[in-house]
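Beneath this line is the structure, given in structure tokens, with notes to follow.
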Amino acid sequence: MTNSSRHARWPALVAAAVTVVLWASAFVSIRSAGDVYSPGALALGRLLAGALALGCVLLVRREGLPPRAAWPGIAVSGLLWFGVYMVVLNWGEQQVDAGTAAMVVNIGPVLIALLGARLLGEGLPPRLVAGMAVSFAGAVVVGLSMSGEGGSSALGVLLCLLAAVGYAGGVVAQKPALAHASALQVTTFGCLAGAVVCLPFAGQLVTEAIDAPLSATLNMVYLGVFPTALAFTTWAYALARTTAGRMGATTYAVPALVVLMSWLALDEVPGRLTLAGGALCLAGVAVSRSRSRTASAPGAGQAPTPADAERRSPSH
């Protein structure tokens, strides 16, 4: 790999790291806000806060509306990821313990890799498959170590599984849109689409916001501005510069970071099994993001940039 290509990868790696850290922090905030707000109301409040923040940035940057070719991917990702995923995950985490939810939702990156290979023509490099296997094993270990007795239900598991499917479908739908529109445009209008999907919960949001403590509402706003507006934009930026499978595998770092943040912010000291699972998650991400020497040669095994995709197939 040349020095120029190494330098070109750094912004995407930094963007992916920002996304993972902020998504991990979301678990701490959801725990607080979810005690006061119902699943649909929390999702709608989060999406409205995110859409407002993104809309302001979009106006300042004067990016305008996305091209027509980007709208199908934006609409589908808005429906599945910003809409269905957020509501169903909030609901599922009220039915099962955090460990079970983490295990089930972590099926998502596997589905992303499979759907990316089938629908986007992305390959399944051996290192990606091996890294995902290691990370998934780590996620299972973390989930088992954090699971509470008697906290699981069939409904909760099904909801978390549906969330994983929505997450995977949204990512794969978002990838082609990024060949035509900027990360900010795709994220802003995807967030708006999700907010429209969640509008039936507007009455609940208003009612619950009146009685909610300020801390819960601030947590909801935080979820909208940082883990949604900022993190989804940095995610889209990085996704436009690599494959959906590799980006999905990167999110396996989230359980390890959640363990660390809970330790620091909530004084929840992790056990040895939890720490071992977190280490496995991080090791798997490192393997999945690594490249063989042959793949590191210029042009070999590299995901096309948005400019390359546009030159090759303007109607992608």
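Values below: every heavy atom of this structure, side chains too, minus hydrogens, waters and symmetry copies.
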Decide yes or no on side-chain contact (heavy atoms from CB on, under 4.5 Å) for F189 and L184, but give the supporting numbers first. CA-CA 9 Å; F189 291 96; L184 179 59; over 6 Å; no

Please report the C-alpha distance between H180 and I74 in whole Å, then the side-chain angles of each, then the deciding distance to 0.1 Å, and finally whether the side-chain contact (heavy atoms from CB on, under 4.5 Å) criterion is met. CA-CA 11 Å; H180 306 282; I74 291 174; over 6 Å; no

Determine, step by step, whether Y85 and V165 satisfy the side-chain contact (heavy atoms from CB on, under 4.5 Å) criterion, reporting the C-alpha distance in whole Å, the side-chain angles of both residues, the deciding distance to 0.1 Å, and the verdict. CA-CA 8 Å; Y85 169 79; V165 173; over 6 Å; no

How far apart are the C-alpha atoms of M220 and V225, what are their side-chain angles, what is the distance that settles it, and do they pass the side-chain contact (heavy atoms from CB on, under 4.5 Å) test? CA-CA 9 Å; M220 181 172 65; V225 175; over 6 Å; no

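The aromatic rings of W23 and W81 lie perpendicular to each other, with more than 60° between the two planes, well past the 30° mark.
Here Y222 pairs with F226 under the ring pair (Phe, Tyr, Trp, His ring centres under 6.0 Å) rule; sequence neighbours left out.
Hydrophobic clustering (ILVMFWY, side-chain heavy atoms < 4.5 Å, transitive): L205 and L223 are in one cluster. F201 and L162 end up in different hydrophobic clusters when Ile, Leu, Val, Met, Phe, Trp and Tyr side chains are linked at under 4.5 Å.
Residue pairs meeting the side chain to side chain donor-acceptor pair (under 3.5 Å) criterion with at least one member in residues 154-173, sequence neighbours excluded, are Y167-T251.
Annotation: side chain of T228 is in contact with side chain of M86 (closest heavy-atom distance under 4.5 Å). Using a 4.5 Å heavy-atom cutoff, the side chains of S38 and Q94 are not in contact.
Under a 4.5 Å side-chain heavy-atom criterion applied to ILVMFWY residues, the cluster that includes L52 comprises that residue alone.
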